Engineer: 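Here's a structure for you.
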Amino acid sequence: RTGTPEAARLVADAACTATLPAARRLEALDVLATWGQPRPRDRVIGAWRPFTPRDPAPARDAVAAVLPTLLAATDEAVRTRGLEVAATLGIDGVVGLLADTAGDEARPAASRAQALDALGLLDGGAAATVARRLAGDRVATVRTASRRIRAAGGDDPALVAELATVCGAHAESDDELREQQAAIGLLGRLDSAAAREALEPLAARVAVGGDPRLRLEILAAAAAQVPEGVRKRIEDAGDDLLEGGDPRRGEELFFHRAAVECGRCPRVGAVGGEVGPRLDGIGARRDRAYLLESIRAPGARIAEGYKTT
């Protein structure tokens, strides 16, 4: 919490310590990546203790000093996250390394996608070049990262056509479903007539009973892109929104998104507050309808032991 150069060096040393569990090393890298605006929840005691923004320079200097060690780590996740943090902090000399990692088919898909996203933060032009090369990659996660980078470049009719094709097929696997969800989200963010035209048939199909796993993404995209009448039909056709979703995105929102502050009251494992119920194993004890109601109307049902008189 001190924010000093010495503290940053100690955290960087922890990230490089091979005898520590990978989870602890990754946490140290996350601390460095968010040095300028740390996460509001105390990592030790779980209390809500927001920071004011501070200078990220100590973290940048500390990571630059240990970057060769991080890139030599035997743990793939530590190596990739080290590159990502270096890009986030604006450290010179990592553009080529990120491009090589993104294009290396021998690396895990998640590492390649992370590297491409990090390259986009550091050098948009270089990222766009790599993204175009990876547009037809055999791995869905990498293709999705490629589309994110290309979408950041503005109106691209070829990309819109590609996204529409992805969304038009039925997802048979979780990877295909995530790819479709991401494609719909990109269509919703592209400000073009072609994107709106691609979304309209998707929205109309959901309104008459299409794949319920995509309803939430289509509704969110349609909010900005399709006529009010189509949006209303989607809402009327499936207000429950019980299918689909992305567990990894949900975890990020629950634990780290300050705007929603989910973790201030309930507790999961060792993280969270003490004024709400423990949520460990909640998916096995409650059905989706109950969980959705708890998110949308938290006061509708109060857990036993937490009612006030």
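The structure presented is a predicted model; accordingly, all values stated were derived computationally and were not measured.
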Engineer: In terms of heavy-atom contacts, does CG of Asp92 have more than 12 from other residues, nucleotides or ligands at under 6.0 Å?
Structural biologist: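 Count not over threshold, so no.
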Engineer: So if I apply the side-chain contact (heavy atoms from CB on, under 4.5 Å) rule between Val63 and each of Val11, Leu32, Thr88, which one comes out positive?
Structural biologist: Leu32
Engineer: To the nearest 0.5 Å, how far apart are CG in Leu97 and CG in Leu67?
Structural biologist: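 Output value for this atom pair is 7.5 Å.
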Engineer: Heavy atoms, side chains only, cut-off 4.5 Å: are Arg112 and Thr141 in contact?
Structural biologist: no
Engineer: Kindly indicate, with the supporting measurements, whether the criterion side-chain contact (heavy atoms from CB on, under 4.5 Å) is fulfilled by Arg25 and Thr17.
Structural biologist: CA-CA 7 Å; Arg25 300 175 70 186; Thr17 303; 5.5 Å; no
Engineer: May I ask you to decide if Asp280's main-chain N or O and Arg285's side chain share a donor-acceptor pair within less than 3.5 Å?
Structural biologist: yes
Engineer: Return yes if some donor-acceptor pair links the side-chain N/O of Arg189 with the main-chain N/O of Ala151 below 3.5 Å, else return no.
Structural biologist: no
Engineer: In terms of side-chain heavy atoms, does Ser111 have a donor or acceptor partner in Glu76 at a distance below 3.5 Å?
Structural biologist: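 Per modelled atom types, Ser111 and Glu76 side chains form a pair under 3.5 Å.
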Engineer: Heavy-atom distance under 4.5 Å between the side chains of Gln180 and Glu217, does that happen here?
Structural biologist: no
Engineer: If you define the side chain from C-beta out and look only at heavy atoms, does anything of Ile149 sit under 4.5 Å from Leu134?
Structural biologist: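 When only atoms from C-beta onward are counted, Leu134 and Ile149 do not touch, as no gap falls below 4.5 Å.
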Engineer: Mind checking whether Asp191 and Arg196 have side chains closer than 4.5 Å, heavy atoms only?
Structural biologist: yes
Engineer: Determine the minimum heavy-atom distance between Val94 and Ala86, stating which atoms define it.
Structural biologist: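 For Val94 and Ala86, the tightest heavy-atom pair comes out as CG1-CB, 3.9 Å.
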Engineer: Would you say that Arg138 contacts Glu105 through its side chain, given a criterion of any heavy-atom pair below 4.5 Å between the two side chains?
Structural biologist: yes
Engineer: How long is the gap from OG on Ser146 to CG on Leu159, to the nearest 0.5 Å?
Structural biologist: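 Result: 8.0 Å between the selected atoms.
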Engineer: Please report the shortest heavy-atom distance between Asp55 and Trp35, naming the atom on each side.
Structural biologist: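 That closest heavy-atom pairing would be O-CD1, 3.5 Å.
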Engineer: Pair Asp117, Arg148 - check side-chain contact (heavy atoms from CB on, under 4.5 Å), show working.
Structural biologist: CA-CA 8 Å; Asp117 284 333; Arg148 279 197 297 270; 2.6 Å; yes
Engineer: Using a 6.0 Å cut-off, check whether atom CZ of Arg24 has over 12 heavy atoms from anything other than its own residue.
Structural biologist: no
Engineer: Going by heavy atoms in the side chains, are Arg150 and Glu162 under 4.5 Å from each other?
Structural biologist: yes
Engineer: State, to 0.1 Å, how close Arg60 and Leu89 come at their nearest heavy-atom pair, and which atoms those are.
Structural biologist: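 That closest heavy-atom pairing would be CD-O, 3.0 Å.
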Engineer: Rounded to the nearest 0.5 Å, how far does CG of Leu20 lie from CG of Asp75?
Structural biologist: 11.5 Å
Engineer: Do Leu163 and Val139 belong to the same hydrophobic cluster, where Ile, Leu, Val, Met, Phe, Trp and Tyr are linked whenever their side-chain heavy atoms lie under 4.5 Å apart, directly or via other members?
Structural biologist: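 Result: no, two separate clusters.
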Engineer: How many angstroms lie between CG in Leu202 and CD1 in Ile218, if you round to the nearest 0.5 Å?
Structural biologist: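 Going from the CG atom of Leu202 to the CD1 atom of Ile218 covers 5.0 Å.
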Engineer: Between Asp61 and Arg9, is there a side-chain N and carboxylate O pair less than 4.0 Å apart?
Structural biologist: no
Engineer: Flag the pair Cys16 / Leu70 as yes when at least one side-chain heavy-atom distance between them is below 4.5 Å, and no otherwise.
Structural biologist: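 Cys16 vs Leu70: side chains touch.
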Engineer: Kindly compute the distance separating CG (Leu116) from CG (Leu121), expressed to the nearest 0.5 Å.
Structural biologist: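 Between Leu116 CG and Leu121 CG, I get 10.0 Å after rounding to 0.5 Å.
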Engineer: What are the two closest heavy atoms between Arg133 and Ala99, and how far apart are they?
Structural biologist: NH2-O, 4.3 Å
Engineer: Under the side-chain contact (heavy atoms from CB on, under 4.5 Å) criterion, do Thr101 and Arg79 qualify, and how do the steps go?
Structural biologist: CA-CA 10 Å; Thr101 299; Arg79 285 200 308 273; over 6 Å; no
Engineer: Rounded at 0.5 Å granularity, tell me how far CG in Leu98 sits from CG in Asp123.
Structural biologist: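 Reported value, rounded in 0.5 Å steps: 10.0 Å.
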Engineer: Is the closest side-chain heavy-atom distance between Leu177 and Gln181 below 4.5 Å?
Structural biologist: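 Leu177 reaches Gln181 side chain to side chain.
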Engineer: I need the minimum non-hydrogen distance between Ala33 and Val85, along with the two atoms involved.
Structural biologist: CB-CG2, 3.8 Å
Engineer: Could you tell me which non-hydrogen atom of Val166 sits nearest to which non-hydrogen atom of Ala183, and how far apart they are?
Structural biologist: CG1-CB, 4.0 Å
